[in-house]
Amino acid sequence: MSIEQLEDTYIEDLKTLSDWFLQYEYLVRLGTEMAHMDESEKTEANRIAGCQTGMWVTIRKEDGKMRIAADSNALLMRGVLAILTALLNGRTASETASWEPRFVENTAIGAQLSAERSRGFRSAVEKIRSFALSCAGEQ
Amino acid sequence: MIPVSQIRNDFPILSDKINGHDLVYLDNAATTQVPACVIRYMVNHYSHGNANVHRGVHTLSSHATAAYEKARETAAAYIGAPDPAHVVFTSGTTHAVNMTAQSLQDAVEPGDTVAVTELEHHSNFLPWKRLCAVTGAHFEVIPCPGGGFSMEEFRRTLNSHPKIVAVSQVSNLTGSTPPLKEIIEAAHAVGTRVFVDGAQGIRHARRDALEAGADFYCFSGHKILAPTGTGVLYAADLSTPPAELGGGMVDSVTADAVTLSPAPHRYEAGTPNSAGAGALGTALQYMEEIGPEQAAAYEKELVDLAAALLADIEEITILGSPENRRGCVSFTVESLDPYDVAMMLDRQGIAVRTGHHCAQPALTGLGAVSAVRISPALYNTPEEILFTALQLKSAIHQLKRWSA
């Protein structure tokens, strides 16, 4: 399944959940299922700037695939990051570099994230994409 | 006090719906809502009274100037300043602190000390830190153990005879209220000037700072029912040079010499926000009608109620335990991020602040990086506080259940 196709399933899920309460529950549960990042990896270098309560992303390339881990102190944000990592983990650099995220803006999540968190999310995506672009450039 | 139901009718925004619910606005430490009389003032100013002040001989300019100076008199009377010449209009607290710190550059020398308390918000912290960086003075942060002001720590700092100390009248984080009279007496005894930041204090004890003999006092209009971009700086000593230069603050200018206008105009370079100043005067008059002391006592009842209800929620830790809490109560929630809690409250129409409250050193001192803050104002009701506590309990319960 392509990133876009997988992303469609999340968008579909979120659109099926008619009210904010169910959407929150969905996101919090997704976030709860996501593994926590090792404390030693929550460094300043891995921190996404501008996010008050902390949000971290690590990316590396392994056997030609992207390996992405993310974490946040906030449960809702962890839910968003859980979708992000589920979409991008194990993808190739070129697949990742050409992906345009839709699951935040095209669903209720967009309206529910504060401006600050939305910026944090976009910074995380940018960080992953620029890493992917530099990897794709090497190939 | 006038019944709160009647006061609420004066604030159009309070009948708005947020996310389908009645707005419960409990973020008044960040900004207060604006009554209809202030909105009408703004509309009327721009519809019928707009002109530059102190500039023209034409009728409209005279009217605008008179309204602007009347607002200054109102503000002076409100804080207990004997002479309006000591009252300078600013764009707010941040502007006032920056202006003052900058104007003291020549008065501070290398080796001098400038002190602030650990509880200061960034606006009353960073400009003083910069003053030290520019002048080579020593920047001292007075510890506030447990989020409260410590007279003992303060006296220890006074041993180095600081040129100036900056202290908030009410902490925007813990709601603690330093003893201004004692502070200013002790400081003046060693020749230290005191800058009192009244951003949070103005609604709670409007005349305390000047009565206690503060050298400087400032507040923001938007924390006392006026529009954003307005504020007041009171300066006891008018020999301080102006920080900003420009039109409207000089009597004569040649290439060689400048004669400054008398105070307060010498401290108001450029075209002032006269519409805002007039609106601030209107807001203060509105407060006078309500009764500032009665309003402050009512606000205290609300914030004490909030603190008591929060103390009963097992997962909640209240930051600081001030004896005389004013304005706000901040707290953390066990194993939950303030952001998640506030998002759940927002869905019910409840507006609270989350984050570091622009007071990172103070938060760090209390062992937190982020907190939720509830700050009621005179138009809030005990029912709103009860509703918020109930919704908070339910949000914590839901989030815990979902993340179990």
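Just so it is clear: chains get the letters A, B, ... in the order the sequence lines come, proteins before strands, and each one is counted from 1.
- Interface remark: B:L399 contributes backbone and side-chain atoms alike to the contact with chain A (heavy atom separation under 4.5 Å).
- Heavy atoms closer than 4.5 Å to chain A are found nowhere in B:Q360, neither backbone nor side chain.
- Residue pairs meeting the salt bridge (Lys or Arg N to Asp or Glu O under 4.0 Å) criterion with at least one partner in residues 21-34 of chain B, sequence neighbours excluded, are B:K17-B:D22, B:D27-B:R373.
- In the model, B:S171 has no side-chain atom that pairs as donor or acceptor with a side-chain atom of B:S168 under 3.5 Å.
- Taking the side chain as every heavy atom from C-beta outward, A:R67 and A:N89 approach each other to under 4.5 Å.
- Applying a 4.5 Å heavy-atom cutoff, the residues of residues 14-25 of chain A that approach chain B are A:W20, A:F21, A:Y24, A:E25.
- Identified by a heavy-atom distance below 4.5 Å to chain B, contributing residues of residues 97-106 of chain A are lacking entirely.
- Among residues two or more places apart in sequence or in another chain, the salt bridge (charged side-chain N to carboxylate O under 4.0 Å, His left out) test is passed with B:R203 by B:E299.
- Between A:T85 and A:M34, the closest side-chain pair of non-hydrogen atoms falls below 4.5 Å.
- The closest side-chain donor-acceptor pair between B:Y25 and B:N380, if any, does not fall under 3.5 angstrom.
- Contact of the B:V352 side chain with the B:V24 side chain is not registered, since no non-hydrogen atoms from C-beta on lie closer than 4.5 Å.
- Only the backbone of B:A404 comes within contact range of chain A, with at least one heavy atom under 4.5 Å from a heavy atom of that chain.
- Side-chain contact between B:T177 and B:P322: absent, with no pair of heavy atoms (C-beta onward) separated by less than 4.5 Å.
- With contacts defined as side-chain heavy-atom distances shorter than 4.5 Å, the pair B:L310/B:V329 qualifies.
- Counting heavy atoms from C-beta outward, B:E120 and B:N172 have side chains that stay 4.5 Å or more apart.
- B:Y339 and A:N73 share no donor-acceptor pair across their side chains, judged by distance under 3.5 Å alone.
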